[in-house]
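Reading through the C-alpha coordinates given below for one structure.
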Amino acid sequence: MLEIDFAALLGKLDVVLLSTIRAVLTFAAGLLFAWAGSRVVRRSLVSGPASPYSVLVQRAVFWGLIFLGTTSALSQLGFDLSVLVGAAGVLTVAIGFASQTSASNVVSGLFLLAERPFVEGDTIRIGQTTGVVLTVDLLSVKLRTFDNLFVRVPNETVMKSEITNLSRFPIRRADLPIRVAYGTDLDTLRDVLIATADADPLVLDEPRPVVLFQGYGENGVEVQFSAWAVRERFLEMRGTLWSVTQEKLADAGIEIAVPHRKIIGPVRPTPGVH
Amino acid sequence: MSSPEPHDAAAWWNPSPLQANAARLYALGPLSVWLARRPEQLWVASRSTGTTADEGMGSVSAGPVEPPEGFVLQRFAVDETANPRLVPRHADRPVVARPEVPIALAPGQTLTAYSSAPVWVSVEMGCVLTEIPVLRPSDTWFGTTTDGTLCYAVKTHLRTDLEGVLVRAHRAITPVELHNKGDDLLRIDRIRLPAPTLAIYADDDGYLWSSGVRMTRTEGQENARVEVMDGPPAASPDAWLVSEPRLARDHENPVVRVFNSVFA
(Lines give C-alpha, C1' and ligand atoms only; values in the text may rest on other atoms or scores of the structure.)
Protein backbone atom coordinates (compact mmCIF):
# COMPACT_ATOMS: atom_id res chain seq x y z
CA MET A 1 0.00 0.00 0.00
CA LEU A 2 1.32 3.33 -1.00
CA GLU A 3 1.81 5.61 1.90
CA ILE A 4 2.18 9.27 1.21
CA ASP A 5 3.93 11.42 3.73
CA PHE A 6 1.70 14.40 3.42
CA ALA A 7 3.56 16.31 6.06
CA ALA A 8 6.86 16.02 4.20
CA LEU A 9 5.12 16.78 0.92
CA LEU A 10 3.54 19.83 2.37
CA GLY A 11 6.90 20.83 3.77
CA LYS A 12 8.53 20.58 0.35
CA LEU A 13 5.66 22.40 -1.28
CA ASP A 14 6.16 25.13 1.27
CA VAL A 15 9.81 25.41 0.33
CA VAL A 16 9.04 25.50 -3.39
CA LEU A 17 6.29 28.05 -2.88
CA LEU A 18 8.53 30.17 -0.70
CA SER A 19 11.33 29.99 -3.23
CA THR A 20 8.98 30.90 -6.04
CA ILE A 21 7.62 33.84 -4.15
CA ARG A 22 11.16 34.95 -3.32
CA ALA A 23 12.19 34.57 -6.95
CA VAL A 24 9.21 36.57 -8.19
CA LEU A 25 9.86 39.29 -5.64
CA THR A 26 13.53 39.34 -6.56
CA PHE A 27 12.70 39.67 -10.23
CA ALA A 28 10.15 42.38 -9.51
CA ALA A 29 12.69 44.23 -7.39
CA GLY A 30 15.18 43.90 -10.22
CA LEU A 31 12.64 45.40 -12.62
CA LEU A 32 11.97 48.29 -10.29
CA PHE A 33 15.65 49.01 -9.70
CA ALA A 34 16.33 48.78 -13.42
CA TRP A 35 13.59 51.30 -14.22
CA ALA A 36 14.55 53.73 -11.46
CA GLY A 37 18.29 53.37 -11.88
CA SER A 38 18.22 53.93 -15.63
CA ARG A 39 16.15 57.09 -15.21
CA VAL A 40 18.53 58.47 -12.58
CA VAL A 41 21.55 57.74 -14.77
CA ARG A 42 19.94 59.39 -17.79
CA ARG A 43 19.00 62.53 -15.87
CA SER A 44 22.49 62.90 -14.52
CA LEU A 45 24.08 62.54 -17.96
CA VAL A 46 21.69 64.65 -20.03
CA SER A 47 23.32 67.97 -19.30
CA GLY A 48 26.91 66.86 -19.00
CA PRO A 49 29.65 66.23 -21.54
CA ALA A 50 28.47 62.65 -22.01
CA SER A 51 24.93 63.71 -23.00
CA PRO A 52 25.16 62.16 -26.51
CA TYR A 53 25.56 58.80 -24.80
CA SER A 54 22.85 59.21 -22.19
CA VAL A 55 20.33 57.00 -24.00
CA LEU A 56 22.94 54.31 -24.59
CA VAL A 57 24.08 54.31 -20.98
CA GLN A 58 20.49 54.31 -19.78
CA ARG A 59 19.74 51.18 -21.78
CA ALA A 60 22.97 49.50 -20.65
CA VAL A 61 22.11 50.16 -17.01
CA PHE A 62 18.52 49.00 -17.51
CA TRP A 63 19.35 45.69 -19.15
CA GLY A 64 22.29 45.12 -16.85
CA LEU A 65 20.06 45.38 -13.79
CA ILE A 66 17.40 43.21 -15.45
CA PHE A 67 20.07 40.58 -16.05
CA LEU A 68 21.18 40.72 -12.42
CA GLY A 69 17.61 40.49 -11.21
CA THR A 70 16.91 37.52 -13.48
CA THR A 71 19.99 35.59 -12.41
CA SER A 72 19.19 36.27 -8.76
CA ALA A 73 15.65 35.05 -9.27
CA LEU A 74 16.87 31.92 -11.03
CA SER A 75 19.32 31.17 -8.24
CA GLN A 76 16.46 31.57 -5.76
CA LEU A 77 14.66 28.83 -7.67
CA GLY A 78 17.69 26.57 -7.28
CA PHE A 79 19.12 26.73 -10.80
CA ASP A 80 22.87 26.28 -11.03
CA LEU A 81 24.14 29.16 -13.12
CA SER A 82 27.79 28.24 -13.07
CA VAL A 83 27.43 26.60 -16.46
CA LEU A 84 26.64 30.02 -17.88
CA VAL A 85 30.01 31.29 -16.79
CA GLY A 86 31.81 28.96 -19.13
CA ALA A 87 29.47 29.75 -21.99
CA ALA A 88 29.87 33.44 -21.34
CA GLY A 89 33.60 33.11 -21.53
CA VAL A 90 33.45 31.45 -24.95
CA LEU A 91 30.89 33.98 -26.14
CA THR A 92 33.05 36.86 -24.96
CA VAL A 93 36.04 35.62 -26.92
CA ALA A 94 33.94 35.20 -30.05
CA ILE A 95 32.37 38.64 -29.69
CA GLY A 96 35.72 40.17 -28.96
CA PHE A 97 37.24 38.89 -32.20
CA ALA A 98 34.22 39.93 -34.20
CA SER A 99 34.02 43.45 -32.81
CA GLN A 100 37.62 44.55 -32.60
CA THR A 101 37.06 47.58 -34.78
CA SER A 102 33.88 48.62 -33.02
CA ALA A 103 35.52 48.19 -29.64
CA SER A 104 38.44 50.27 -30.82
CA ASN A 105 36.00 52.96 -31.96
CA VAL A 106 34.25 52.89 -28.60
CA VAL A 107 37.50 53.19 -26.68
CA SER A 108 38.66 55.95 -29.01
CA GLY A 109 35.35 57.71 -28.44
CA LEU A 110 35.87 57.61 -24.70
CA PHE A 111 39.34 59.09 -25.09
CA LEU A 112 37.93 61.80 -27.34
CA LEU A 113 35.36 62.62 -24.68
CA ALA A 114 38.08 62.97 -22.10
CA GLU A 115 40.55 64.89 -24.23
CA ARG A 116 37.99 67.08 -26.06
CA PRO A 117 40.12 68.30 -28.95
CA PHE A 118 36.86 69.66 -30.37
CA VAL A 119 33.21 69.96 -29.39
CA GLU A 120 29.95 70.09 -31.28
CA GLY A 121 29.79 73.23 -33.39
CA ASP A 122 33.55 73.49 -33.95
CA THR A 123 34.94 73.61 -37.46
CA ILE A 124 37.65 70.99 -37.87
CA ARG A 125 39.79 69.45 -40.58
CA ILE A 126 40.54 65.73 -40.55
CA GLY A 127 42.69 64.71 -43.46
CA GLN A 128 41.11 66.19 -46.55
CA THR A 129 37.73 66.80 -44.95
CA THR A 130 36.77 70.14 -43.42
CA GLY A 131 33.42 70.63 -41.77
CA VAL A 132 31.37 71.54 -38.76
CA VAL A 133 31.08 68.91 -36.02
CA LEU A 134 27.46 67.82 -35.75
CA THR A 135 27.81 65.13 -33.09
CA VAL A 136 30.53 63.20 -31.29
CA ASP A 137 29.06 59.71 -30.90
CA LEU A 138 30.29 56.48 -29.38
CA LEU A 139 31.55 55.04 -32.64
CA SER A 140 32.08 58.02 -34.89
CA VAL A 141 32.16 61.76 -35.41
CA LYS A 142 29.66 63.29 -37.79
CA LEU A 143 30.60 66.34 -39.83
CA ARG A 144 28.74 68.66 -42.15
CA THR A 145 30.99 70.01 -44.87
CA PHE A 146 30.62 73.52 -46.22
CA ASP A 147 29.01 72.19 -49.38
CA ASN A 148 26.46 70.51 -47.14
CA LEU A 149 27.64 66.93 -47.30
CA PHE A 150 27.36 64.53 -44.37
CA VAL A 151 30.61 62.82 -43.44
CA ARG A 152 30.99 60.05 -40.86
CA VAL A 153 34.48 59.59 -39.49
CA PRO A 154 35.14 56.56 -37.25
CA ASN A 155 36.57 57.53 -33.87
CA GLU A 156 39.56 55.28 -34.41
CA THR A 157 40.43 57.29 -37.53
CA VAL A 158 40.00 60.53 -35.60
CA MET A 159 42.34 59.34 -32.86
CA LYS A 160 45.01 58.32 -35.35
CA SER A 161 44.75 61.46 -37.49
CA GLU A 162 46.03 64.97 -37.17
CA ILE A 163 43.05 67.15 -36.35
CA THR A 164 43.04 70.87 -37.01
CA ASN A 165 40.46 72.79 -35.04
CA LEU A 166 39.80 75.94 -37.05
CA SER A 167 37.53 77.51 -34.45
CA ARG A 168 39.30 76.83 -31.16
CA PHE A 169 40.93 80.26 -30.84
CA PRO A 170 39.12 83.59 -31.22
CA ILE A 171 41.36 85.14 -33.89
CA ARG A 172 43.07 83.77 -36.98
CA ARG A 173 45.82 84.89 -39.28
CA ALA A 174 45.51 84.89 -43.06
CA ASP A 175 48.72 84.46 -45.03
CA LEU A 176 49.07 85.62 -48.62
CA PRO A 177 52.22 84.61 -50.49
CA ILE A 178 53.21 87.32 -52.95
CA ARG A 179 55.91 87.20 -55.55
CA VAL A 180 57.09 90.51 -56.93
CA ALA A 181 59.46 91.22 -59.73
CA TYR A 182 63.14 91.64 -59.03
CA GLY A 183 63.95 95.28 -58.69
CA THR A 184 60.85 96.08 -56.68
CA ASP A 185 61.51 98.45 -53.79
CA LEU A 186 60.73 96.21 -50.82
CA ASP A 187 60.22 99.14 -48.44
CA THR A 188 57.58 100.57 -50.75
CA LEU A 189 56.00 97.14 -51.04
CA ARG A 190 55.85 96.82 -47.27
CA ASP A 191 54.33 100.29 -46.88
CA VAL A 192 51.66 99.61 -49.48
CA LEU A 193 50.69 96.26 -47.95
CA ILE A 194 50.56 97.57 -44.37
CA ALA A 195 48.53 100.60 -45.46
CA THR A 196 46.12 98.31 -47.29
CA ALA A 197 45.67 96.21 -44.16
CA ASP A 198 45.24 99.25 -41.94
CA ALA A 199 42.52 100.59 -44.21
CA ASP A 200 40.47 97.41 -43.93
CA PRO A 201 38.18 97.58 -40.88
CA LEU A 202 38.05 93.80 -40.65
CA VAL A 203 41.81 93.51 -40.21
CA LEU A 204 42.77 93.71 -36.57
CA ASP A 205 44.96 96.60 -35.56
CA GLU A 206 46.63 94.27 -33.08
CA PRO A 207 48.29 91.83 -33.65
CA ARG A 208 49.85 93.99 -36.33
CA PRO A 209 49.83 92.84 -39.95
CA VAL A 210 53.29 91.81 -41.09
CA VAL A 211 55.23 91.46 -44.30
CA LEU A 212 57.85 88.72 -44.11
CA PHE A 213 60.63 88.27 -46.60
CA GLN A 214 60.64 84.62 -47.69
CA GLY A 215 63.45 84.46 -50.16
CA TYR A 216 64.65 84.95 -53.70
CA GLY A 217 62.47 82.78 -55.89
CA GLU A 218 63.01 81.62 -59.40
CA ASN A 219 60.89 84.38 -60.87
CA GLY A 220 60.90 87.08 -58.26
CA VAL A 221 61.19 88.06 -54.62
CA GLU A 222 58.85 86.09 -52.41
CA VAL A 223 57.21 87.69 -49.43
CA GLN A 224 54.42 86.66 -47.11
CA PHE A 225 51.71 89.18 -46.25
CA SER A 226 49.88 88.23 -43.05
CA ALA A 227 46.92 89.89 -41.37
CA TRP A 228 44.70 88.91 -38.45
CA ALA A 229 40.91 88.89 -38.13
CA VAL A 230 38.37 87.58 -35.66
CA ARG A 231 37.42 84.00 -36.33
CA GLU A 232 33.84 84.79 -37.36
CA ARG A 233 34.87 87.23 -40.08
CA PHE A 234 38.06 85.54 -41.17
CA LEU A 235 36.82 84.36 -44.55
CA GLU A 236 35.20 87.69 -45.29
CA MET A 237 38.42 89.53 -44.44
CA ARG A 238 40.54 87.20 -46.52
CA GLY A 239 38.30 87.63 -49.54
CA THR A 240 38.20 91.41 -49.47
CA LEU A 241 41.78 92.05 -48.43
CA TRP A 242 43.33 89.93 -51.15
CA SER A 243 41.34 91.59 -53.91
CA VAL A 244 42.07 95.09 -52.61
CA THR A 245 45.76 94.19 -52.24
CA GLN A 246 45.98 93.41 -55.93
CA GLU A 247 44.46 96.79 -56.80
CA LYS A 248 46.76 98.69 -54.47
CA LEU A 249 49.84 96.95 -55.79
CA ALA A 250 48.81 97.82 -59.32
CA ASP A 251 48.16 101.43 -58.31
CA ALA A 252 51.64 101.61 -56.79
CA GLY A 253 53.20 100.21 -59.95
CA ILE A 254 54.41 97.06 -58.20
CA GLU A 255 54.60 94.16 -60.60
CA ILE A 256 53.45 90.73 -59.54
CA ALA A 257 56.10 88.36 -60.87
CA VAL A 258 55.07 85.79 -63.44
CA PRO A 259 57.22 82.92 -64.69
CA HIS A 260 59.37 83.97 -67.59
CA ARG A 261 62.28 82.52 -69.56
CA LYS A 262 65.16 84.22 -71.23
CA ILE A 263 66.30 82.47 -74.39
CA ILE A 264 69.92 83.09 -75.33
CA GLY A 265 70.77 82.13 -78.85
CA PRO A 266 72.52 83.30 -82.13
CA VAL A 267 71.52 86.73 -83.39
CA ARG A 268 71.27 85.53 -86.99
CA PRO A 269 70.07 82.12 -88.00
CA THR A 270 72.70 79.95 -89.74
CA PRO A 271 71.49 79.02 -93.26
CA GLY A 272 70.49 75.40 -93.48
CA VAL A 273 70.38 74.95 -89.70
CA HIS A 274 66.99 74.82 -88.09
CA MET B 1 17.23 108.05 -19.12
CA SER B 2 17.36 111.64 -17.83
CA SER B 3 16.12 114.35 -20.16
CA PRO B 4 18.88 116.78 -21.11
CA GLU B 5 18.40 120.47 -20.59
CA PRO B 6 18.61 122.42 -23.84
CA HIS B 7 21.64 124.61 -23.17
CA ASP B 8 22.69 124.89 -26.79
CA ALA B 9 20.00 124.69 -29.42
CA ALA B 10 22.55 124.03 -32.09
CA ALA B 11 23.96 120.97 -30.34
CA TRP B 12 22.95 118.00 -32.41
CA TRP B 13 22.05 115.91 -29.38
CA ASN B 14 19.43 118.34 -28.13
CA PRO B 15 15.91 117.21 -28.92
CA SER B 16 14.08 119.31 -31.45
CA PRO B 17 10.68 118.45 -32.95
CA LEU B 18 10.64 117.37 -36.57
CA GLN B 19 7.41 118.17 -38.34
CA ALA B 20 5.57 115.74 -40.55
CA ASN B 21 7.03 115.50 -44.08
CA ALA B 22 10.01 117.61 -42.99
CA ALA B 23 13.66 116.57 -43.15
CA ARG B 24 16.78 117.50 -41.27
CA LEU B 25 20.46 117.11 -42.11
CA TYR B 26 23.12 116.63 -39.44
CA ALA B 27 26.78 117.16 -40.32
CA LEU B 28 28.87 115.45 -37.64
CA GLY B 29 32.45 115.40 -38.79
CA PRO B 30 32.94 112.51 -41.16
CA LEU B 31 29.32 111.40 -40.69
CA SER B 32 26.26 113.00 -42.21
CA VAL B 33 22.81 111.89 -41.11
CA TRP B 34 19.56 112.75 -42.86
CA LEU B 35 16.22 112.31 -41.04
CA ALA B 36 12.84 112.66 -42.66
CA ARG B 37 9.35 112.11 -41.28
CA ARG B 38 6.92 110.34 -43.56
CA PRO B 39 3.40 109.21 -42.69
CA GLU B 40 3.86 106.60 -39.95
CA GLN B 41 7.50 106.26 -40.91
CA LEU B 42 10.88 107.69 -40.17
CA TRP B 43 13.48 107.60 -42.88
CA VAL B 44 17.13 107.62 -41.86
CA ALA B 45 19.98 107.96 -44.33
CA SER B 46 23.67 108.29 -43.57
CA ARG B 47 27.04 108.53 -45.19
CA SER B 48 30.51 108.53 -43.69
CA THR B 49 33.59 109.79 -45.45
CA GLY B 50 35.66 107.46 -43.28
CA THR B 51 38.31 110.10 -42.70
CA THR B 52 39.43 111.83 -39.54
CA ALA B 53 38.85 115.33 -40.88
CA ASP B 54 37.88 117.71 -38.12
CA GLU B 55 34.61 119.51 -38.62
CA GLY B 56 34.41 121.48 -35.40
CA MET B 57 31.04 121.79 -33.74
CA GLY B 58 29.01 120.20 -36.50
CA SER B 59 25.79 121.62 -37.86
CA VAL B 60 22.09 120.93 -37.98
CA SER B 61 20.05 122.26 -40.86
CA ALA B 62 16.90 121.62 -42.80
CA GLY B 63 17.47 118.75 -45.17
CA PRO B 64 16.33 117.95 -48.71
CA VAL B 65 13.02 116.17 -49.14
CA GLU B 66 14.66 113.12 -50.73
CA PRO B 67 17.72 111.29 -49.36
CA PRO B 68 20.94 112.88 -50.61
CA GLU B 69 22.87 110.97 -53.19
CA GLY B 70 25.33 108.44 -51.90
CA PHE B 71 23.54 108.00 -48.56
CA VAL B 72 22.51 104.59 -47.26
CA LEU B 73 18.79 104.63 -46.50
CA GLN B 74 16.89 102.83 -43.75
CA ARG B 75 13.15 103.06 -43.10
CA PHE B 76 11.29 102.50 -39.85
CA ALA B 77 7.59 102.24 -39.06
CA VAL B 78 7.23 104.24 -35.86
CA ASP B 79 4.95 105.71 -33.26
CA GLU B 80 4.03 109.11 -34.68
CA THR B 81 3.45 110.66 -31.27
CA ALA B 82 7.18 110.45 -30.44
CA ASN B 83 9.87 112.81 -31.70
CA PRO B 84 13.02 111.61 -33.41
CA ARG B 85 16.31 112.55 -31.84
CA LEU B 86 19.98 111.73 -32.11
CA VAL B 87 21.79 110.63 -28.95
CA PRO B 88 25.56 110.23 -28.65
CA ARG B 89 26.63 106.93 -27.17
CA HIS B 90 29.93 105.32 -26.45
CA ALA B 91 31.22 102.39 -28.45
CA ASP B 92 29.65 98.99 -27.91
CA ARG B 93 33.02 97.42 -27.15
CA PRO B 94 36.05 98.46 -25.10
CA VAL B 95 38.25 100.97 -26.87
CA VAL B 96 42.03 100.58 -26.98
CA ALA B 97 43.58 104.02 -27.06
CA ARG B 98 47.12 104.14 -28.34
CA PRO B 99 49.05 107.33 -27.54
CA GLU B 100 50.78 108.75 -30.56
CA VAL B 101 53.78 109.21 -28.30
CA PRO B 102 53.95 106.58 -25.52
CA ILE B 103 54.33 107.85 -22.00
CA ALA B 104 55.90 106.22 -18.95
CA LEU B 105 54.94 106.72 -15.31
CA ALA B 106 57.61 106.58 -12.66
CA PRO B 107 56.84 104.53 -9.51
CA GLY B 108 54.39 106.35 -7.28
CA GLN B 109 53.42 108.84 -9.98
CA THR B 110 49.93 109.91 -11.01
CA LEU B 111 48.88 111.34 -14.33
CA THR B 112 45.58 112.76 -15.52
CA ALA B 113 45.21 112.73 -19.28
CA TYR B 114 42.44 113.14 -21.78
CA SER B 115 41.58 110.76 -24.58
CA SER B 116 38.87 111.39 -27.13
CA ALA B 117 37.07 108.82 -29.21
CA PRO B 118 34.35 109.09 -31.88
CA VAL B 119 30.85 108.43 -30.60
CA TRP B 120 28.07 106.32 -31.96
CA VAL B 121 24.96 108.21 -33.06
CA SER B 122 21.84 106.52 -31.79
CA VAL B 123 18.67 107.42 -33.72
CA GLU B 124 15.77 107.17 -31.30
CA MET B 125 12.06 107.65 -31.62
CA GLY B 126 10.36 106.03 -28.68
CA CYS B 127 13.06 103.37 -28.84
CA VAL B 128 16.48 102.94 -30.39
CA LEU B 129 15.97 102.53 -34.13
CA THR B 130 19.54 102.30 -35.31
CA GLU B 131 23.07 103.22 -34.29
CA ILE B 132 25.67 104.62 -36.64
CA PRO B 133 29.31 105.16 -35.71
CA VAL B 134 30.59 108.63 -36.58
CA LEU B 135 33.81 107.01 -37.64
CA ARG B 136 34.01 103.28 -37.41
CA PRO B 137 37.30 102.49 -35.73
CA SER B 138 39.24 99.46 -36.83
CA ASP B 139 38.96 96.27 -34.84
CA THR B 140 41.77 95.29 -32.58
CA TRP B 141 42.51 92.49 -30.19
CA PHE B 142 43.51 93.08 -26.61
CA GLY B 143 45.12 89.99 -25.15
CA THR B 144 46.97 86.94 -26.39
CA THR B 145 46.21 85.14 -29.63
CA THR B 146 44.42 82.42 -27.66
CA ASP B 147 42.44 84.58 -25.24
CA GLY B 148 41.47 88.21 -25.18
CA THR B 149 38.80 90.75 -26.01
CA LEU B 150 37.70 92.25 -29.29
CA CYS B 151 37.98 96.02 -29.03
CA TYR B 152 38.09 99.10 -31.18
CA ALA B 153 41.38 100.86 -31.80
CA VAL B 154 41.78 104.61 -31.69
CA LYS B 155 44.84 106.78 -31.75
CA THR B 156 44.98 109.48 -29.14
CA HIS B 157 47.24 112.31 -28.20
CA LEU B 158 46.54 111.51 -24.54
CA ARG B 159 46.96 115.16 -23.69
CA THR B 160 47.47 116.24 -20.13
CA ASP B 161 45.98 119.68 -20.60
CA LEU B 162 42.63 120.63 -22.02
CA GLU B 163 44.04 123.52 -24.00
CA GLY B 164 45.39 121.14 -26.57
CA VAL B 165 42.14 119.21 -26.92
CA LEU B 166 40.14 120.14 -30.00
CA VAL B 167 36.42 120.64 -29.62
CA ARG B 168 34.76 118.11 -31.84
CA ALA B 169 31.05 117.58 -32.05
CA HIS B 170 31.47 113.92 -32.78
CA ARG B 171 33.98 112.91 -30.11
CA ALA B 172 33.63 112.37 -26.38
CA ILE B 173 36.54 113.25 -24.13
CA THR B 174 37.40 110.73 -21.44
CA PRO B 175 39.47 111.92 -18.46
CA VAL B 176 41.81 109.12 -17.44
CA GLU B 177 43.64 109.08 -14.12
CA LEU B 178 46.64 106.80 -14.18
CA HIS B 179 48.28 105.73 -10.94
CA ASN B 180 51.44 103.69 -10.83
CA LYS B 181 51.72 102.08 -7.42
CA GLY B 182 54.20 99.51 -8.62
CA ASP B 183 57.92 99.45 -7.98
CA ASP B 184 59.06 100.07 -11.52
CA LEU B 185 58.42 102.27 -14.51
CA LEU B 186 55.07 101.79 -16.19
CA ARG B 187 55.34 102.48 -19.88
CA ILE B 188 52.00 102.96 -21.53
CA ASP B 189 51.77 101.94 -25.16
CA ARG B 190 48.04 101.47 -25.10
CA ILE B 191 45.22 101.43 -22.58
CA ARG B 192 41.85 99.74 -22.74
CA LEU B 193 38.94 101.98 -21.85
CA PRO B 194 35.69 100.30 -20.73
CA ALA B 195 33.59 102.33 -23.18
CA PRO B 196 30.30 100.41 -22.75
CA THR B 197 30.29 101.30 -19.04
CA LEU B 198 30.79 105.03 -19.58
CA ALA B 199 28.03 107.63 -19.65
CA ILE B 200 28.16 110.72 -21.89
CA TYR B 201 27.73 114.26 -20.67
CA ALA B 202 27.50 117.56 -22.50
CA ASP B 203 28.40 121.05 -21.34
CA ASP B 204 27.70 124.64 -22.33
CA ASP B 205 30.90 124.84 -24.34
CA GLY B 206 29.71 122.11 -26.66
CA TYR B 207 32.09 119.48 -25.32
CA LEU B 208 30.95 115.91 -25.09
CA TRP B 209 32.45 114.27 -22.01
CA SER B 210 32.38 110.74 -20.77
CA SER B 211 32.57 109.46 -17.22
CA GLY B 212 36.05 109.67 -15.74
CA VAL B 213 38.11 106.53 -15.42
CA ARG B 214 40.72 105.83 -12.77
CA MET B 215 43.27 103.11 -13.43
CA THR B 216 45.53 102.07 -10.61
CA ARG B 217 48.35 99.68 -11.24
CA THR B 218 48.83 97.83 -7.99
CA GLU B 219 50.83 94.75 -8.84
CA GLY B 220 52.27 92.95 -11.85
CA GLN B 221 52.84 94.69 -15.12
CA GLU B 222 49.53 94.79 -16.91
CA ASN B 223 46.79 94.36 -14.34
CA ALA B 224 45.12 97.40 -12.89
CA ARG B 225 42.19 98.32 -10.76
CA VAL B 226 39.67 100.15 -12.93
CA GLU B 227 37.09 102.48 -11.43
CA VAL B 228 34.52 104.42 -13.39
CA MET B 229 33.65 107.69 -11.69
CA ASP B 230 30.04 108.60 -11.10
CA GLY B 231 28.72 111.90 -12.33
CA PRO B 232 30.24 114.42 -14.73
CA PRO B 233 34.02 114.68 -14.87
CA ALA B 234 35.89 117.09 -12.60
CA ALA B 235 37.03 119.06 -15.65
CA SER B 236 33.40 119.98 -16.38
CA PRO B 237 31.33 119.65 -13.19
CA ASP B 238 28.28 121.38 -14.70
CA ALA B 239 27.93 119.02 -17.62
CA TRP B 240 24.61 117.22 -17.80
CA LEU B 241 23.84 113.61 -18.61
CA VAL B 242 23.06 112.95 -22.26
CA SER B 243 23.17 109.16 -22.39
CA GLU B 244 23.49 106.36 -19.88
CA PRO B 245 26.16 103.67 -20.09
CA ARG B 246 25.32 100.71 -22.26
CA LEU B 247 26.33 98.21 -19.58
CA ALA B 248 26.36 98.16 -15.81
CA ARG B 249 29.80 98.32 -14.30
CA ASP B 250 31.41 95.14 -13.09
CA HIS B 251 31.91 95.97 -9.47
CA GLU B 252 32.76 92.37 -8.67
CA ASN B 253 35.82 92.25 -10.86
CA PRO B 254 37.54 95.61 -10.84
CA VAL B 255 41.01 94.20 -11.49
CA VAL B 256 41.40 93.66 -15.19
CA ARG B 257 44.06 93.91 -17.78
CA VAL B 258 44.08 97.43 -19.15
CA PHE B 259 47.69 98.20 -19.82
CA ASN B 260 49.82 96.78 -22.48
CA SER B 261 53.23 98.02 -21.61
CA VAL B 262 56.83 97.06 -21.84
CA PHE B 263 59.52 97.32 -19.24
CA ALA B 264 61.68 100.34 -19.94
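These values consider heavy atoms only, across backbone and side chains, with no hydrogens, waters or symmetry-generated copies.
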Would you call A:D198 and A:R208 a salt bridge, taking side-chain N to carboxylate O under 4.0 Å as the test?
yes
Proximity of B:Y26 and B:W13 rings by center, below 6.0 Å
no
Flag the pair B:D189 and B:R98 as a salt bridge only when some basic side-chain nitrogen lies within less than 4.0 angstrom of an acidic carboxylate oxygen.
no
Within residues 221-243 of chain A, the residues sitting under 4.5 Å from chain B by heavy atom, in sequence order, are A:W228, A:V230
Let me see the working for B:R217 and B:D183 under salt bridge (Lys or Arg N to Asp or Glu O under 4.0 Å), right down to the final yes or no.
CA-CA 10 Å; B:R217 177 209 185 191; B:D183 297 328; over 6 Å; no
Sorted by number, residues from residues 164-176 of chain A in contact with chain B (heavy atoms, under 4.5 Å)
A:F169, A:P170, A:I171
When you check the side-chain N and O atoms of B:T174 and B:S115, is any donor under 3.5 Å from an acceptor?
no
Between A:N219 and A:Y182, a side-chain donor and acceptor under 3.5 Å:
no
What distance separates B:N180 CG from B:L111 CG, expressed to the nearest 0.5 Å?
11.0 Å
Looking just at side-chain N and O atoms, do B:S32 and B:R47 make a donor-acceptor pair shorter than 3.5 Å?
no
Does a salt bridge link B:R190 with A:E206, judged by any charged N lying under 4.0 Å from a carboxylate O?
yes
